[in-house]
Asks: 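Pasting in a structure now, in structure tokens, and then I'll have a few things to ask.
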Amino acid sequence: MTTGRFSITTAIFLLLSFAVLPDSSAQYFANFNPNDEYFNYEVKLIDEFIERFNDDSATFLRKAYTKDKKHPAVSRGRLLVSLFNLENPSFTDKDTTLKGFFRQVLDPLHPVYLSFNDSDWYAEARGVFLNNGKLVEIPLVLHVKSQGDEWSKWMITGIGNTIQSKEPIPSVSVNKLKGKEQYISTSAYATNFVELHHIFTDNMQSEYFFEPQLLVTEQGRQFVKWIKNGQLKFQYVKSITFHFYQINGWIFTVNQFTRKSANRGWLISSVQKTDKAEKDAALKKLLNR
């Protein structure tokens, strides 16, 4: 088999071969069709990505398969395959990293699941700001902070380096929020964190939105100062990359793919095998600490 860029169908069969699956399920994978009607539904939200990764019975896709009595049973392994960007040319039949990832996640005795309320996954939002009449990009790294099942919110835990942006200055119009929101809601990512318009103001109470360990850093103090004195004015979030550190020994990223394909939406774009030291170093780099 040749390396390089594979078709979606080829990539699917390669990835399926990595999963440790019961023989009784093999017949369904042999006839896997990327244009299957249910797989035409893109992964629209990161919540849905996590639910499909966990094979949650409440997901729309699982309900659709359960409702269709004529359709063969679908295993978690098959759903996991559908969550990969199958047009990534680095996903090949020689990739032992992917084999290990599939085996660990699908281990029949100790299967691996994700949790939205866990703090060990991060949204890297590439924020665009107006600075002295020019646009600049500043990555903001957020993670979920929870208090049991009572509440959850996004907190800013890292600030990247500023880079110049060549995009035209946009005309921004944002509706005012009702009431005074003192947190970044967990659903904020679905609108590209547009509510930051109402948070990054001259009277911002930074302790509600920034992790304490960030506020004591020079970059954290400087960023807050620039927001409050009007030197930085938030415009929009250009893109978001999610970094998952929840699985022991692994880091993987999720990006949004908008294309005319059955394999679209929020999909796994990279997988990295790591030890603890490598994972700690990667997180430190992500948070720009």
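This is a predicted model, so every value here is computed, not measured. The first residue in the sequence is number 1, and the count goes up from there.
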Asks: Taking the side chain as C-beta and beyond, is there a heavy-atom pair between Leu140 and Phe129 under 4.5 Å?
Replies: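 Result yes, sub-4.5 Å side-chain heavy-atom pair found.
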
Asks: How many angstroms lie between atom CG of Asn288 and atom CD1 of Ile159, to the nearest 0.5 angstrom?
Replies: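 Spacing of CG (Asn288) from CD1 (Ile159) equals 9.0 Å.
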
Asks: For residues Asn117 and Ser115, is any side-chain donor paired with an opposing acceptor at under 3.5 Å?
Replies: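 Absent: no donor and acceptor within the cut-off.
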
Asks: According to a 4.5 Å side-chain heavy-atom criterion applied to Ile, Leu, Val, Met, Phe, Trp and Tyr, with indirect links allowed, do Ile184 and Tyr122 form part of one hydrophobic cluster?
Replies: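 In one cluster with Ile184: Tyr122, no.
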
Asks: Quick one: does Leu80's side chain get under 4.5 Å of Phe102's, heavy atoms only?
Replies: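 Yes, side chains in contact.
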
Asks: Where do Leu142 and Met155 land on the side-chain contact (heavy atoms from CB on, under 4.5 Å) test, with the steps shown first?
Replies: CA-CA 5 Å; Leu142 305 92; Met155 293 285 285; over 6 Å; no

Asks: Got a sec, which residues hit side chain to side chain donor-acceptor pair (under 3.5 Å) with Asn54, two or more places apart in sequence or on another chain?
Replies: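 Testing Asn54 for side chain to side chain donor-acceptor pair (under 3.5 Å), a comparison that skips the adjacent residues, returns none.
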
Asks: Ile138 versus Leu232: any side-chain heavy-atom pair under 4.5 Å?
Replies: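 Yes, side chains in contact.
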
Asks: Do the side chain of Tyr189 and the main chain of Ile46 share a donor and acceptor less than 3.5 angstrom apart?
Replies: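 A pair under 3.5 Å: yes.
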
Asks: With no hydrogens and no angle check, just 3.5 Å: does a side-chain donor-acceptor pair link Thr97 and Gln272?
Replies: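 No pair is found: no donor N or O on one side chain lies under 3.5 Å from an acceptor on the other.
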
Asks: Does the pair Asp107 and Val112 meet the rule for a side-chain contact (heavy atoms from CB on, under 4.5 Å), with working shown?
Replies: CA-CA 8 Å; Asp107 187 307; Val112 177; over 6 Å; no

Asks: Do Trp154 and Phe193 have their ring centres less than 6.0 Å from each other?
Replies: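 That pair passes the under 6.0 Å test.
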
Asks: Linking I/L/V/M/F/W/Y whenever their side-chain heavy atoms sit closer than 4.5 Å, directly or via other members, would Val141 and Ile156 fall into one cluster?
Replies: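 Different clusters.
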
Asks: Just by distance, with hydrogens left out, do Thr186 and Ser152 show a side-chain donor and acceptor under 3.5 Å apart?
Replies: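 No, no side-chain donor-acceptor pair sits under 3.5 Å.
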
Asks: Are Phe242 and Phe252 close enough that their ring centres sit under 6.0 Å apart?
Replies: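 Aromatic pair excluded; centres sit 6.0 Å or further apart.
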
Asks: Run Asn255 and Thr241 through side-chain hydrogen bond (donor to acceptor under 3.5 Å, both in side chains) and show every step you take.
Replies: CA-CA 5 Å; Asn255 290 93; Thr241 297; 2.7 Å; yes

Asks: Going by heavy atoms in the side chains, are Val237 and Val128 under 4.5 Å from each other?
Replies: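 No - every pair of side-chain heavy atoms lies 4.5 Å or more apart.
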
Asks: Measure from the side-chain N and O atoms of Ser119 to the backbone N and O of Val144, and report whether any donor-acceptor pair falls under 3.5 Å.
Replies: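 The answer is yes, because a donor-acceptor pair under 3.5 Å joins these two groups.
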
Asks: Please check if Leu45 and Leu83 belong to a single hydrophobic cluster, counting links between Ile, Leu, Val, Met, Phe, Trp and Tyr side chain heavy atoms closer than 4.5 Å.
Replies: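 Yes, because Leu45 and Leu83 connect within a single hydrophobic cluster, where side-chain heavy atoms sit under 4.5 Å apart.
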
Asks: Does the side chain of Leu114 come within less than 4.5 Å of Phe49's, by heavy atoms?
Replies: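 They are in contact (side-chain heavy atoms under 4.5 Å apart), so the answer is yes.
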
Asks: Under 3.5 Å, is there a donor-acceptor pair between the side chain of Trp250 and the main chain of Tyr245?
Replies: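 Between the backbone of Tyr245 and the side chain of Trp250 there is no qualifying donor-acceptor contact (under 3.5 Å).
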
Asks: What pairs meet the ring pair (Phe, Tyr, Trp, His ring centres under 6.0 Å) rule with one or both residues in residues 269-289, with sequence neighbours excluded?
Replies: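 Applying ring pair (Phe, Tyr, Trp, His ring centres under 6.0 Å) to every pair that reaches into residues 269-289, excluding sequence neighbours, yields nothing.
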
Asks: Are the side chain of Arg259 and the backbone of Asn263 linked by a donor-acceptor contact shorter than 3.5 Å?
Replies: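 Such a contact is found between Arg259 side chain and Asn263 backbone.
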
Asks: If hydrophobic clusters are built by linking Ile, Leu, Val, Met, Phe, Trp and Tyr wherever their side-chain heavy atoms come under 4.5 Å apart, do Leu283 and Phe244 end up in the same one?
Replies: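 In one cluster: no.
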
Asks: With distance as the sole test, does Arg126 use its side chain to make a donor-acceptor pair with the main-chain N or O of Ile240 at under 3.5 Å?
Replies: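 A pair under 3.5 Å: no.
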
Asks: Under 3.5 Å, is there a donor-acceptor pair between the side chain of Trp121 and the main chain of Phe116?
Replies: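 Yes; judged by distance alone, with no hydrogens or angles, the pair exists.
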
Asks: Checking the side chain of Lys228 only, and the main-chain atoms of Met204 only, is there a donor and an acceptor separated by less than 3.5 Å?
Replies: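 Between the backbone of Met204 and the side chain of Lys228 there is a qualifying donor-acceptor contact (under 3.5 Å).
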
Asks: Would you call Asp56-Arg52 a salt bridge at under 4.0 Å N-O?
Replies: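 No salt bridge links Asp56 with Arg52.
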
Asks: Give the minimum heavy-atom separation between Gly249 and Lys279, together with the two atoms involved.
Replies: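 Shortest heavy-atom contact: N-NZ, 3.7 Å.
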
Asks: Is there a side-chain contact between Lys225 and Gln231 (heavy atoms, below 4.5 Å)?
Replies: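 No. Closest side-chain heavy atoms not under 4.5 Å.
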
Asks: May I ask you to decide if Pro139's main-chain N or O and Glu124's side chain share a donor-acceptor pair within less than 3.5 Å?
Replies: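 Here the side-chain-to-backbone pair does not exist.
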
Asks: For residues Phe84 and Ile251: do they belong to one hydrophobic cluster (side chain heavy atoms under 4.5 Å, members Ile, Leu, Val, Met, Phe, Trp, Tyr)?
Replies: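 Each belongs to a different hydrophobic cluster.
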
Asks: Report the C-alpha distance between Ile227 and Thr201 in whole Å, list the side-chain angles of each, state the deciding distance to 0.1 Å, and finish with yes or no for side-chain contact (heavy atoms from CB on, under 4.5 Å).
Replies: CA-CA 6 Å; Ile227 290 293; Thr201 63; 6.0 Å; no

Asks: So do the side chains of Ile268 and Asn85 get within less than 4.5 Å of each other, counting heavy atoms only?
Replies: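 The answer is no, as the side chains (C-beta and beyond) never meet within the 4.5 Å cut-off.
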
Asks: Would the distance check show the side chain of Glu278 and the main-chain N or O of Asp275 forming a donor-acceptor pair, the cut-off being under 3.5 Å?
Replies: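 Flag set: sc Glu278 to bb Asp275 pair under 3.5 Å.
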
Asks: Does Gln104 use its side chain to pair, donor to acceptor, with the backbone of Gly100 at less than 3.5 Å?
Replies: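 No.
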
Asks: Determine whether the side chains of Gln235 and His197 contain a donor N or O and an acceptor N or O closer than 3.5 Å.
Replies: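 His197 and Gln235 do not have a side-chain donor-acceptor pair below 3.5 Å.
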
Asks: Could you pull out the closest heavy-atom pair between Gly230 and Lys233, with the gap in Å?
Replies: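 Closest heavy-atom pair between Gly230 and Lys233: O-CE, 3.6 Å.
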
Asks: Please walk me through it: do Leu196 and Ile199 pass side-chain contact (heavy atoms from CB on, under 4.5 Å)?
Replies: CA-CA 5 Å; Leu196 292 178; Ile199 291 171; 4.2 Å; yes

Asks: Can you confirm whether Phe53 sits close enough to Arg76 that some side-chain heavy atom of one is under 4.5 Å from a side-chain heavy atom of the other?
Replies: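 A side-chain contact exists here, since the closest heavy-atom pair is under 4.5 Å.
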
